[in-house]
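This report concerns only the one structure given below.
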Amino acid sequence: MAVDVDLPSRWLERGWLRPVDVALAALLREEVPEADPRLLLAAALVSHLAGQGATHLDLALVTRDPAWNLGIPPPGALDPDPDDPDLPATRLAGLDAASWREILKENPLLVAAIPGQEASCAPLVLAGTRLYLRRFWQCEQEVRASIAARLARPTEWDASPGEIQEALKQIWPDAGRSGVDWQKMACALMARSRFGVITGGPGTGKTTTVARLLALLQSLALAREGRPLRIRLAAPTGKAAARLGESIATAIGKLTWRNEALGERVSAAIPRKVTTLHQLLGRRRESRHFRHDADHLLWIDVLVIDEASMVGLELLAAVLAALPADARLILLGDKDQLAAVDAGSPLGELCRRASGGHYTPAIREWLREACGQELDETWIDPQGSALDQAVVMLRDTYRFAAGSGIGRLAMAVNAGDPAAIAALWGEGFPDLHWVSLADGEAMLRDLTVAGYRVYLEAMARGRPAGEGDQAALDRWGAAVLRVHGGFQVLCAMRQGPWGVEGLNRRIARHLRAAGLIPADVGWYAGRPVMITRNDYDLGLMNGDIGVTLEVPVAGGWVTRVVFPAATGVRWFAPARLADVETVYALTVHKSQGSEFSQVVLVLPDRFNPVLTRELIYTGITRARDVFTLASAADARLLEQAVTRRVVGRRVDAWL
């Protein structure tokens with residue numbers, strides 16, 4: 001295969017690569033002018049995939065299906081001529097993984113082939129058929145080593161199984177249920193390890209389980225040490241942090257204690273405040289580094305991270321580096337959701353075997369003594385790893401009733417079963433709808449005007465008449481935000497007529513034509529906006545959503561944007577918000593960590609690589625009460641999507 005040295009630049013001109021991708025290849029060419037063009041192309045592609053959330057370039061996958069595994073041309077790009085000589089399928093034709101690997105190995109100045117040893121200062125690392133940017137390979141090694149050390153750490157000084165069982169009796173109602181109580185089992189297993197993962201789909205009680213786990217850990221600590229544990233709660237985004245704080249406070253308030261005095265003492269020792277991970281670690285301005293690291297550890301005994309599917313490899317490595325060796329780390333999240341926007345999907349990798357349990361006979365005996373749970377042979381594996389013993393999948397759903405269409409659709413999508421999905425649309429579930437967008441703009445208009453009318457009319461009805469009453473203004477802002485969260489349009493892409501950019505423009509025009517908003521550009525009353533970059537000065541995080549309102553002042557009205565806060569709301573002048581975008585339509589990726597009463601998931605008119613099982617599942621599970629799939633294509637598009645899984649994000653074998 002012939003690859004000329006200018007190929008990355010041509011792909012940049014066509015918008016298929018980013019400037020940073022081509023800059024890396026150019027830098028390596030400056031350092032080693034005689035470098036093989038195929039090596040330089042590989043470097044550009046590793047960087048390109050990092051921008052798409054992958055930690056590495058898998059040479060075997062790429063040579064098997066270049067367009068799909070590289071995402072070139074990118075989703076939303078104009079369809080290229082199939083005979084275009086610059087398409088990856090053409091440029092990589094005849095190159096197999098073995099020959100490409102040999103090409104890369106021939107240049108030790110650029111690529112370090114490693115079987116478990118340091119990669120020196122080489123910018124690229126080759127491990128088997130996987131080519132990494134060195135920093136991602138290093139992060140992977142650090143995460144693996146840290147988790148392995150925590151799992152291997154002796155626990156003799158922790159509470160005994162008998163003490164755990166007595167403590168659980170204080171907080172766990174004896175419901176007389178049959179079968180395994182996965183929540184109780186999760187609490188017991190998390191109490192015996194320095195590292196643990198609780199995973200489960202929507203409505204499986206992850207937050208309730210963590211609230212009881214924290215109560216268990218604090219009651220054990222108070223009984224043995226006489227002092228409470230230093231516990232911190234964190235999430236990857238401000239929105240997810242706010243939701244966790246509310247959920248923990250609610251769950252703690254619902255706990256019933258046999259010993260009320262102990263219950264009051266333990267409840268007081270459980271934090272309700274939740275921070276973002278960047279706030280917890282102390283992000284340094286204009287830097288990739290944090291104030292807390294291996295040399296400046298967090299002062300902490302237990303760290304719980306919610307929505308861990310949104311945590312990328314680098315961020316998890318930073319957390320583990322800053323966490324004391326004796327501290328306990330609990331990851332909480334849905335393993336089947338989309339992975340983080342940042343490179344890597346640690347939660348998915350850690351939970352790869354969660355569905356099967358793989359608990360050892362010794363752990364089965366320990367669980368019987370610690371929490372009275374009896375595991376049958378289905379979940380037992382004498383060869384189960386140390387990691388298997390620290391991962392629990394919650395399997396009972398409480399959000400969706402047995403007859404819920406949303407719940408059944410999510411299960412069918414997760415199973416990759418197109419036949420089951422097709423059958424569901426005809427069963428008449430009141431919470432499940434399919435509509436076609438193929439016949440013009442009318443259906444999109446009707447869906448969005450009806451959905452967003454509720455909050456826009458509530459905004460107009462409840463606005464305070466005069467200035468001076470801040471409490472009334474705050475109540476109005478909170479009410480608008482609450483009603484706004486009842487309906488959301490989600491989509492798969494950013495670009496194109498069925499992406500965020502195109503849909504937001506079209507929806508705004510429809511709402512203006514219906515008389516619900518006064519304008520469709522600029523800052524106007526009713527415009528919903530999302531923060532797109534963390535602003536630590538304002539305390540607004542990437543993903544936070546606010547609504548633009550007209551508020552009364554002396555002599556007239558001014559435009560302000562209201563955002564939810566841990567207690568009440570916060571108001572900002574639009575001029576202070578540097579990085580925002582309109583969000584009548586929101587990408588599924590950006591919706592992670594959110595729930596809406598009604599969701600409309602818009603699929604485009606043709607297939608593209610971003611449509612995967614994980615994306616469809618995540619979109620469905622953002623809905624609490626009603627889910628509508630609005631497709632500009634026929635049913636075959638959904639069938640294609642649910643049979644394709646995210647690739648390229650998998651890290652090396654973990655533990």
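What you see is a predicted model; the values in this text were computed from it and never measured.
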Looking at every non-hydrogen atom in both residues, tell me the closest pair between V626 and A623 and how far apart they are. O-CB, 3.5 Å
Please answer whether the main-chain N or O of M530 pairs with a side-chain N or O of K590 as donor and acceptor at a distance below 3.5 Å. no
Which residue pairs satisfy the salt bridge (charged side-chain N to carboxylate O under 4.0 Å, His left out) criterion with at least one member in residues 518-531, sequence neighbours excluded? R512-D520
Side chains of I545 and F563: closer than 4.5 Å at any heavy-atom pair? no
Out of curiosity, E314 CD to C139 SG, how far, rounded to the nearest 0.5 Å? 4.5 Å
How long is the gap from CD1 on I198 to SG on C351, to the nearest 0.5 Å? 10.5 Å
Would you call V561 and V529 a side-chain contact if the rule is heavy atoms closer than 4.5 Å? yes
Is there a donor-acceptor pair under 3.5 Å between the side chain of Y455 and the backbone N or O of G526? yes
From L45 atom CG to L57 atom CG, the distance as rounded to the nearest 0.5 Å: 6.0 Å
Contacts of H510 meeting ring pair (Phe, Tyr, Trp, His ring centres under 6.0 Å) (sequence neighbours excluded), chain-then-number -> none
For side-chain contact (heavy atoms from CB on, under 4.5 Å), just list the numbers for I421 and V413, CA-CA rounded to whole Å, side-chain angles, deciding distance to a tenth of an Å, and then say yes or no. CA-CA 7 Å; I421 294 168; V413 167; 3.7 Å; yes
Determine whether V46 and Y132 make a side-chain contact, defined as any pair of heavy atoms from C-beta on separated by less than 4.5 Å. no
Count the heavy atoms of every other residue, nucleotide or ligand shown that sit under 6.0 Å from CE of M411, and state whether that count exceeds 12. no
Output, in order, the C-alpha distance, side-chain angles, deciding distance and verdict of side-chain contact (heavy atoms from CB on, under 4.5 Å) for W498 and L503. CA-CA 6 Å; W498 301 107; L503 282 171; 4.1 Å; yes
Validation row: L601, V489 side chains within 4.5 angstrom (heavy atoms): no
Looking only at heavy atoms, which two atoms of H484 and P528 are closest? And how far apart? NE2-CB, 3.5 Å
Below 4.5 Å, heavy atoms only, C-beta onward: do V600 and F627 meet side chain to side chain? no
Considering all heavy atoms, the nearest M459-V480 contact: CA-CG2, 3.8 Å
In this structure, CE of M310 is separated from CG of L277 (nearest 0.5 Å) by 10.0 Å
Residue pair L244 / A234: nearest heavy atoms and the distance that separates them: CD2-O, 4.0 Å
Whether H433 side chain and P430 backbone form a donor-acceptor pair below 3.5 Å: yes
Pair R506, E441 - check salt bridge (charged side-chain N to carboxylate O under 4.0 Å, His left out), show working. CA-CA 9 Å; R506 292 155 66 190; E441 199 74 359; 2.8 Å; yes
More than 12 non-hydrogen atoms from neighbouring residues, nucleotides or ligands closer than 6.0 Å to CZ on R395, yes or no? yes
What pair of heavy atoms forms the shortest contact from P604 to A632, and how long is it? C-CB, 3.8 Å
Looking at L347, is its backbone amide N or carbonyl O close enough to the side chain of K335 to form a donor-acceptor pair, meaning the two atoms are under 3.5 Å apart? no
R570 side chain to L538 backbone, donor-acceptor under 3.5 Å: yes
Given D417 and V642, is the side-chain contact (heavy atoms from CB on, under 4.5 Å) satisfied, shown in steps? CA-CA 7 Å; D417 189 343; V642 301; over 6 Å; no
Ring pair (Phe, Tyr, Trp, His ring centres under 6.0 Å) involving F487 - partner list, sequence neighbours excluded: Y452
Any donor-acceptor pair under 3.5 Å linking the side chain of R352 with the backbone of G348? no
Exercise: do E550 and T559 side chains pair donor with acceptor under 3.5 Å: yes
Please check: side-chain N/O of T582 versus main-chain N/O of N504, any donor-acceptor pairing under 3.5 Å? no
Show your reasoning for whether side-chain hydrogen bond (donor to acceptor under 3.5 Å, both in side chains) applies to D334 and S309. CA-CA 6 Å; D334 185 345; S309 63; over 6 Å; no
Which residues share a salt bridge (charged side-chain N to carboxylate O under 4.0 Å, His left out) with R494, sequence neighbours left out: E581
Atom pairs and distances, donor-acceptor, side-chain atoms in residues 442-451, under 3.5 Å, two or more places apart:
unit_1, atom_1, unit_2, atom_2, d
T448, OG1, L444, O, 2.8
T448, OG1, R445, O, 3.4

Set of residues satisfying side chain to side chain contact (heavy atoms under 4.5 Å, CB included) with respect to T276, sequence neighbours excluded: H278, Q279, M541
Do the side chains of V547 and L481 get nearer than 4.5 Å, heavy atoms only? yes
Among V599, V588, L409, L629, which residue satisfies the side chain to side chain contact (heavy atoms under 4.5 Å, CB included) criterion with I620? L409
Verify whether one side chain among T532 and D579 offers a donor that lies under 3.5 Å from an acceptor in the other. no
Can you tell me how far apart CZ (R408) and CG (D431) are? Round to the nearest 0.5 Å. 10.5 Å
Ignoring hydrogens, what is the shortest heavy-atom contact between F136 and A50? Give both atom names and the distance. CE1-CB, 3.6 Å
Find the distance between CG (L332) and CD1 (I305) and round it off to the nearest 0.5 Å. 10.0 Å
For V274 and D306, what are the C-alpha separation, side-chain angles and deciding distance, and is it a side-chain contact (heavy atoms from CB on, under 4.5 Å)? CA-CA 10 Å; V274 185; D306 193 21; over 6 Å; no
For side-chain hydrogen bond (donor to acceptor under 3.5 Å, both in side chains), just list the numbers for E140 and T55, CA-CA rounded to whole Å, side-chain angles, deciding distance to a tenth of an Å, and then say yes or no. CA-CA 9 Å; E140 186 177 297; T55 58; 4.5 Å; no
Can you confirm whether R18 sits close enough to S47 that some side-chain heavy atom of one is under 4.5 Å from a side-chain heavy atom of the other? yes
R624 versus Q598: any side-chain heavy-atom pair under 4.5 Å? no
